[in-house]
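Numbers here simply count residues along the sequence, with the first being 1.
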Amino acid sequence: MRANRVMVIVLTLMMTLTACSGDDDASRLRANMDAMELAIESQRPGEFMDYVSDDFQSGSNGFNKEQLHAYMVGLRFRNPKLSITRGPAEIELFGDRATVRVSAVVSGGRGVMPDHLDQIHVVSHWQKIDGEWQCFGAEWDDREGSGQ
């Protein structure tokens, strides 16, 4: 009888640790997305790129990592005042890979009032490299609002 209780305790701990592991990975992915959002809003494209893997490819735009960086630098100059409001992320974990779906509203421009407002839907693909989550691919569509 005692052996059965020990087995139940061990199995419960294993299931709890597995669940926590998934939550921990999801939390790390959310933290990475928060850092990337802050980097964009703070006009620091290099910090944004810290979370992008060297083999990054965008299916929707055909961007590689260098082209994405150039796009982010251009975005910085076109929109000195940029604001992002992100919706909740849907995270699917597959071991050391993940897919994240999220929508965001992006406003930007040069003056006090935004010149444009865009709704963007992003599907990003992540892999864990040396214990750190890196984005290796993304597709996005934007629905331009007013001003652009």
Side-chain angles (χ1 to χ4, degrees), residues 9-148:
I9 291 170
V10 168
L11 287 173
T12 302
L13 284 173
M14 287 175 60
M15 290 185 333
T16 302
L17 291 173
T18 302
C20 290
S21 172
D23 288 346
D24 191 44
D25 283 334
S27 295
R28 287 182 184 163
L29 284 162
R30 283 186 183 89
N32 284 7
M33 292 187 327
D34 290 344
M36 293 171 88
E37 181 180 325
L38 180 61
I40 292 171
E41 290 179 334
S42 302
Q43 305 293 322
R44 296 189 307 257
E47 288 181 23
F48 176 90
M49 298 306 295
D50 289 344
Y51 299 93
V52 177
S53 70
D54 290 339
D55 61 347
F56 176 85
Q57 289 292 312
S58 167
S60 58
N61 298 46
F63 287 168
N64 63 23
K65 185 175 182 174
E66 290 174 0
Q67 292 164 324
L68 179 62
H69 185 245
Y71 176 79
M72 299 306 295
V73 169
L75 186 65
R76 171 184 171 205
F77 288 111
R78 287 189 310 275
N79 299 281
K81 296 188 178 180
L82 196 63
S83 176
I84 301 169
T85 304
R86 202 176 64 218
E90 177 187 322
I91 299 174
E92 295 177 79
L93 295 166
F94 311 99
D96 65 346
R97 294 204 174 219
T99 298
V100 179
R101 290 176 178 76
V102 67
S103 295
V105 175
V106 179
S107 62
R110 297 190 174 277
V112 176
M113 297 298 289
D115 295 336
H116 64 90
L117 183 68
D118 301 322
Q119 182 176 1
I120 299 174
H121 303 283
V122 180
V123 178
S124 56
H125 307 285
W126 297 74
Q127 62 187 353
K128 201 183 287 188
I129 301 172
D130 297 328
E132 299 294 326
W133 286 102
Q134 294 274 298
C135 181
F136 70 89
E139 299 86 38
W140 61 89
D141 67 62
D142 57 336
R143 300 193 173 103
E144 291 189 12
S146 60
Q148 289 257 39

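- Summarising the geometry of Ile91 relative to Ala26, their closest heavy-atom pair is CD1-O, 3.7 Å, with the distance given to 0.1 Å.
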Apply side-chain contact (heavy atoms from CB on, under 4.5 Å) to Ile40 and Met72, showing your working.
-> CA-CA 8 Å; Ile40 292 171; Met72 299 306 295; 3.4 Å; yes
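- Closest of all the heavy-atom pairs between Ala89 and Val100 is CB-CG1, 4.0 Å.
- Across Leu82 and Glu41, no two heavy atoms sit closer than the pair O-CG, 3.6 Å.
- Rounded to the nearest 0.5 angstrom, Ser124 OG and Met36 CE are separated by 7.5 Å.
- Proximity of Asp96 to Gln127: side-chain heavy atoms (C-beta onward) are nowhere separated by under 4.5 Å.
- Atom-to-atom distance recorded for Trp140:CH2 and Ile120:CD1 is 9.0 Å, nearest 0.5 angstrom.
- Salt-bridge check for Asp25 with Lys128: passed, with a basic side-chain N closer than 4.0 Å to an acidic carboxylate O.
- Distance check: Cys135 SG to Leu68 CG gives 8.0 Å after rounding to the nearest 0.5 Å.
- Nearest heavy atoms, Tyr71 versus Arg78: CE1-NH2, 4.0 Å.
- Considering every non-hydrogen atom in both Leu117 and Ser107, the closest pair reads CD1-CB, 3.8 Å.
- The closest donor-acceptor contact from the side chain of Arg86 to the backbone of Met33 lies under 3.5 Å.
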For residues 42-51, dump all side-chain donor-acceptor pairs below 3.5 Å to protein atoms at least two apart in sequence or in another chain.
unit_1: Ser42; atom_1: OG; unit_2: Leu38; atom_2: O; d: 2.8
unit_1: Gln43; atom_1: NE2; unit_2: Asn79; atom_2: O; d: 3.1
unit_1: Gln43; atom_1: NE2; unit_2: Pro80; atom_2: O; d: 3.2
unit_1: Arg44; atom_1: NE; unit_2: Glu47; atom_2: OE1; d: 2.9
unit_1: Arg44; atom_1: NE; unit_2: Glu47; atom_2: OE2; d: 2.9
unit_1: Arg44; atom_1: NH2; unit_2: Glu47; atom_2: OE1; d: 3.3

Dump the intermediate steps for side-chain contact (heavy atoms from CB on, under 4.5 Å) on Leu93 and Thr99, then the final yes or no.
-> CA-CA 7 Å; Leu93 295 166; Thr99 298; over 6 Å; no
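- A salt bridge links Asp24 with Arg28; the closest basic N to acidic carboxylate O contact falls under 4.0 Å.
- The one candidate from Glu132, Gln134, Lys65 that meets the side chain to side chain contact (heavy atoms under 4.5 Å, CB included) condition with Ser53 is Gln134.
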Under the side-chain contact (heavy atoms from CB on, under 4.5 Å) rule, what do Asp54 and Phe136 come out as? Steps first, then yes or no, please.
-> CA-CA 8 Å; Asp54 290 339; Phe136 70 89; over 6 Å; no
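- At distances below 3.5 Å, at least one donor-acceptor pair connects side-chain atoms of Ser58 with backbone N or O atoms of Ala138.
- A centroid separation of 6.0 Å or more is found between the aromatic rings of Phe56 and Phe63.
- Side chains of His125 and Glu139: a donor-acceptor N/O pair is present below 3.5 angstrom, by distance only.
- When every heavy atom of Val123 is checked against every heavy atom of Arg101, the shortest pair comes out as CG2-CG, 3.8 Å.
- The environment of Gln67 atom CD is dense: over 12 non-hydrogen atoms of other residues, nucleotides or ligands sit within 6.0 angstrom.
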